[in-house]
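On a predicted model such as this, the values are computed, not experimentally measured, just so you know. So that the names make sense, note that chain A is the first sequence line, chain B the second, and so on, each numbered from 1.
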Amino acid sequence: MRDGSGVIQCVAVKSALPEELFESLKNLTQESSLIVRGKLRAEPRAHGGFELDVESAEIVQRVSEDDPYPITPKDHGVDFLMDHRHLWLRSRRQNAVIHVRHEIIKAIRDYFDSNGYVLVDTPIFTPAACEGTSTLFEVDYFEDEKVFLTQSGQLYGEATAMAFGKTYNFGPVFRAEKSKTRRHLTEFWMVEPELAFADLEDIKRVGEELVLFVIGRVLEKRREELKILERDTSKLEAVKAPFHRISYDDAVAKLQAKGSEIQWGMDLGNTDETLITDDLDRPVMIDRYPSSVKAFYFQPAPDRPEVAMGVDFIATEGYGEIIGGGQRIHDYDLLLRRIQEHNLPPEAFNWYLDLRKYGSVPHGGFGMGVERFVAWMCGLEHIRETIAFPRMLYRTTP
RNA sequence: UCCUCAGUAGCUCAAUGGUAGAGCAUUCGGCUGUUAACCGAAGGGUUGUAGGUUCGAGUCCUACCUGAGGAGCCA
């Protein structure tokens, strides 16, 4: 029997039960629902060390053998399992993944809540692109108006940081890119802290602290689930401070030495991300990317205006970028120039520019993708198992 | 959007261009401190769709549909 928190073997003894009840229990089908009462007994032969001797039972709903439970203990294909995601969630592995996800989200919130951050959630309907790069989902919004599903709460986060000092937002974001890989969803959850009076080094420190805090919590509270998932926890235990810190320049040199085709000025590809961490046991922070591959709002380096004060955290074991962020431009004139250079409509950014007119301060933040983090913690092959009902390029059901 | 691969029983997969099979699941019988039980039997098929080549197509060709992996882009 399974109740969501665990599994226990129940034993019905023929001589101890009414014949009718024993027969109905004997003929039960997989995934039928029932209420059982009985005596708990230590039993070394049983999983978990305990068994329940059935004294009474009530069958709530019996699954018909004409239409048996579709998911069997044997192998199933991905397509079949995804079509039955609403049932697949009952399995031991999926149950463990979702429990780890729950723990990660709770740990993220605990970290920020206990470090002086205020949760200020940002809108999901937004008037325009946050970064001017990604493809957005368009939504009809009354009377011929169009709005878009947010791809990031960051710009609003900058406003809340100016109002509250340290804030974070935590919600779903949407990307309409036709990405078809094991790392992409069209709808996923992202946590985005934003800090006033912060520079790139502060952002790196907070990101490192957060990652370590969350890993520590998962290892502390979810050993059982990681065991079910057959996760090699030594890989997670090896993740300690300090993370590797290298510049984009050094990353390119290292990648070229390892045979990558990358040239200075190009963004890192998926294979580059895997390549750069394959000999490391803790994440690497890569900072000071060329401004041309980063969003318009990144602060340029004081000594080298062609590079941006942004940082990406690349997880170990090929799980790729889990954090992206950095220091934002706080100067009005520079920000306006960047908006124009990126051919963005300045009038759409009036409120954002206001933040640089009224008491602007150096500030920064980052975004962390929850599902990628869950995949990393659980050691999953594919991000689709990290959320109860994944939304992907070609899947919006169940 | 592009590249590669796949689509056969409820599920997972076999089948040199020559009679479509197995395991699991289901049903029946047997056996059993089992825990992916085991033994025996039965039912279960328009081989993704539409064309084409051929004496003959699950197999070869074309188009389309569906799915998977990857690229680009990103978290």
Side-chain angles (χ1 to χ4, degrees), chain A residues 1-2 7-14 26-27 29-31 41 43-53 63-84 87-88 91-92 129-136 150-154 170-192 207 211 261 266-274 289 293-295 310-315 319-325 366-376 381-384 386-387 392-395 397:
Chain A
M1 274 193 83
R2 167 179 65 70
V7 176
I8 191 165
Q9 181 164 273
C10 302
V11 182
V13 178
K14 192 171 185 177
K26 190 179 170 188
N27 292 317
T29 43
Q30 191 190 354
E31 282 298 311
R41 173 169 50 77
E43 171 52 74
R45 283 173 296 187
H47 277 306
F50 290 90
E51 268 182 4
L52 191 77
D53 283 328
V63 175
S64 165
E65 41 276 290
D66 296 333
D67 188 7
Y69 189 67
I71 299 178
T72 69
K74 287 281 183 175
D75 285 341
H76 293 287
V78 170
D79 192 31
F80 176 83
L81 288 170
M82 289 309 301
D83 282 342
H84 295 84
L87 303 176
W88 188 22
S91 77
R92 212 171 162 75
C130 283
E131 308 188 4
T133 50
S134 294
T135 322
L136 303 177
T150 185
Q151 53 154 332
S152 162
Q154 185 210 306
F170 200 151
V173 293
F174 307 86
R175 304 280 167 94
E177 264 125 17
K178 294 199 167 178
S179 299
K180 188 170 162 45
T181 80
R182 69 181 77 189
R183 295 176 180 185
H184 287 88
L185 300 170
T186 52
E187 175 185 311
F188 64 97
W189 286 69
M190 190 155 71
V191 58
E192 296 177 286
V211 170
E261 301 281 299
M266 292 163 60
D267 208 350
L268 271 66
N270 253 345
T271 43
D272 291 325
E273 288 184 356
T274 304
Y289 281 75
V293 300
K294 286 289 169 186
V311 60
D312 287 348
F313 285 49
I314 313 296
Y319 282 93
E321 186 184 341
I322 48 164
I323 282 180
F366 61 83
M368 183 169 87
V370 168
E371 284 75 15
R372 283 196 185 168
F373 203 98
V374 175
W376 183 32
E381 276 290 303
H382 201 297
I383 200 167
R384 64 185 156 225
T386 63
I387 186 166
M392 298 181 289
L393 179 51
Y394 295 121
R395 170 153 320 261
T397 55

*Do NZ/NE/NH1/NH2 and the carboxylate oxygens of A:E43 and A:R41 come within less than 4.0 Å?*
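Yes, charged N to carboxylate O under 4.0 Å.
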Do [X] and [Y] touch side chain to side chain, with heavy atoms closer than 4.5 Å?
{"X": "A:S91", "Y": "A:I71", "result": "no"}
{"X": "A:K180", "Y": "A:Y394", "result": "yes"}
{"X": "A:S152", "Y": "A:M190", "result": "yes"}

How would you label the contact of [X] with the nucleic acid (heavy atoms, under 4.0 Å): base, sugar-phosphate, or nothing?
{"X": "A:R183", "answer": "base"}
{"X": "A:E321", "answer": "sugar-phosphate"}
{"X": "A:F188", "answer": "base"}
{"X": "A:Y394", "answer": "sugar-phosphate"}
{"X": "A:R92", "answer": "nothing"}
{"X": "A:H84", "answer": "nothing"}
{"X": "A:I383", "answer": "base"}

*Just say parallel, tilted or perpendicular for the rings of A:F80 and A:H76, cut-offs at 30° and 60°.*
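A:F80 and A:H76: parallel rings.
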Using whole Å, report how far [atom1] of [X] lies from [atom2] of [N].
{"X": "A:D75", "N": "B:A25", "atom1": "CG", "atom2": "P", "value": "13 Å"}
{"X": "A:Q30", "N": "B:C11", "atom1": "CD", "atom2": "P", "value": "15 Å"}
{"X": "A:W189", "N": "B:C74", "atom1": "CH2", "atom2": "P", "value": "24 Å"}
{"X": "A:E65", "N": "B:C28", "atom1": "CD", "atom2": "C1'", "value": "12 Å"}
{"X": "A:M82", "N": "B:C11", "atom1": "CE", "atom2": "P", "value": "17 Å"}
{"X": "A:D272", "N": "B:G70", "atom1": "CG", "atom2": "P", "value": "16 Å"}
{"X": "A:I71", "N": "B:U26", "atom1": "CD1", "atom2": "P", "value": "14 Å"}
{"X": "A:L393", "N": "B:C2", "atom1": "CG", "atom2": "P", "value": "13 Å"}

Is the distance from OP1 or OP2 of [N] to the nearest side-chain N or O of [X] less than 4.0 Å?
{"X": "A:H76", "N": "B:C24", "value": "no"}
{"X": "A:K180", "N": "B:A68", "value": "yes"}
{"X": "A:N270", "N": "B:A71", "value": "yes"}

*Between the main-chain N or O of A:A315 and the side-chain N or O of A:E273, is there a donor-acceptor pair closer than 3.5 Å?*
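It does not hold such a pair.
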_Check: A:I383 main-chain N/O paired with A:E371 side-chain donor or acceptor under 3.5 Å_ =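 No.
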*asked:* On the side chain of A:S179, is there an atom forming a donor-acceptor pair with the base of B:C74 - under 3.5 Å, no angle test?
replied: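 Checked by distance alone, the answer is no.
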*Does A:T29 have any side-chain contact (heavy atoms from CB on, under 4.5 Å) partners at least two apart in sequence or in another chain, and if so, which?*
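With sequence neighbours excluded, A:T29 shows a side-chain contact (heavy atoms from CB on, under 4.5 Å) to A:S32, A:R62, A:V63, A:E65, given in chain and number order.
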On a whole-Å scale, what distance lies between the [atom1] atoms belonging to [N] and [M]?
{"N": "B:C13", "M": "B:A20", "atom1": "C1'", "answer": "14 Å"}
{"N": "B:C61", "M": "B:U19", "atom1": "C1'", "answer": "26 Å"}
{"N": "B:C5", "M": "B:C73", "atom1": "P", "answer": "24 Å"}
{"N": "B:A25", "M": "B:G48", "atom1": "C1'", "answer": "23 Å"}
{"N": "B:U62", "M": "B:C11", "atom1": "P", "answer": "29 Å"}
{"N": "B:G40", "M": "B:C31", "atom1": "P", "answer": "15 Å"}
{"N": "B:G7", "M": "B:A15", "atom1": "C1'", "answer": "16 Å"}
{"N": "B:U66", "M": "B:C24", "atom1": "C1'", "answer": "25 Å"}

*In dot-bracket notation, what is the pairing pattern of RNA chain B, taking Watson-Crick (N1-N3 plus N6-O4 or O6-N4) and G-U wobble (N1-O2 and O6-N3) contacts under 3.5 Å, with [ ] crossing and | for other strands?*
(((((((..((((....[..)))).(((((.......))))).....(((((..]....))))))))))))....
*Pick the nucleotide of RNA chain B nearest each of A:D79 and A:K26; which residue has the one closer to the 5' end?*
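Its nearest nucleotide being more 5', the pick is A:K26.
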*Would you mind telling me which residue lines up with the more 5' stretch of RNA chain B, A:T186 or A:R182, judged by nearest nucleotide?*
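It is A:R182, whose closest nucleotide lies nearer the 5' terminus.
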Side chain of [X] only, please: which of [options] is the nearest?
{"X": "A:H382", "options": "B:G67, B:G69, B:C73", "answer": "B:G69"}
{"X": "A:K178", "options": "B:U1, B:C74, B:U12", "answer": "B:U1"}
{"X": "A:D267", "options": "B:A68, B:C11, B:C74", "answer": "B:C74"}

*OG1 of A:T386 to CG of A:L185: how many Å apart, nearest 0.5 Å?*
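Output value for this atom pair is 6.0 Å.
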*side-chain hydrogen bond (donor to acceptor under 3.5 Å, both in side chains) partners of A:T271, counting only residues at least two apart*: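 side-chain hydrogen bond (donor to acceptor under 3.5 Å, both in side chains) check on A:T271 returns nothing, list empty.
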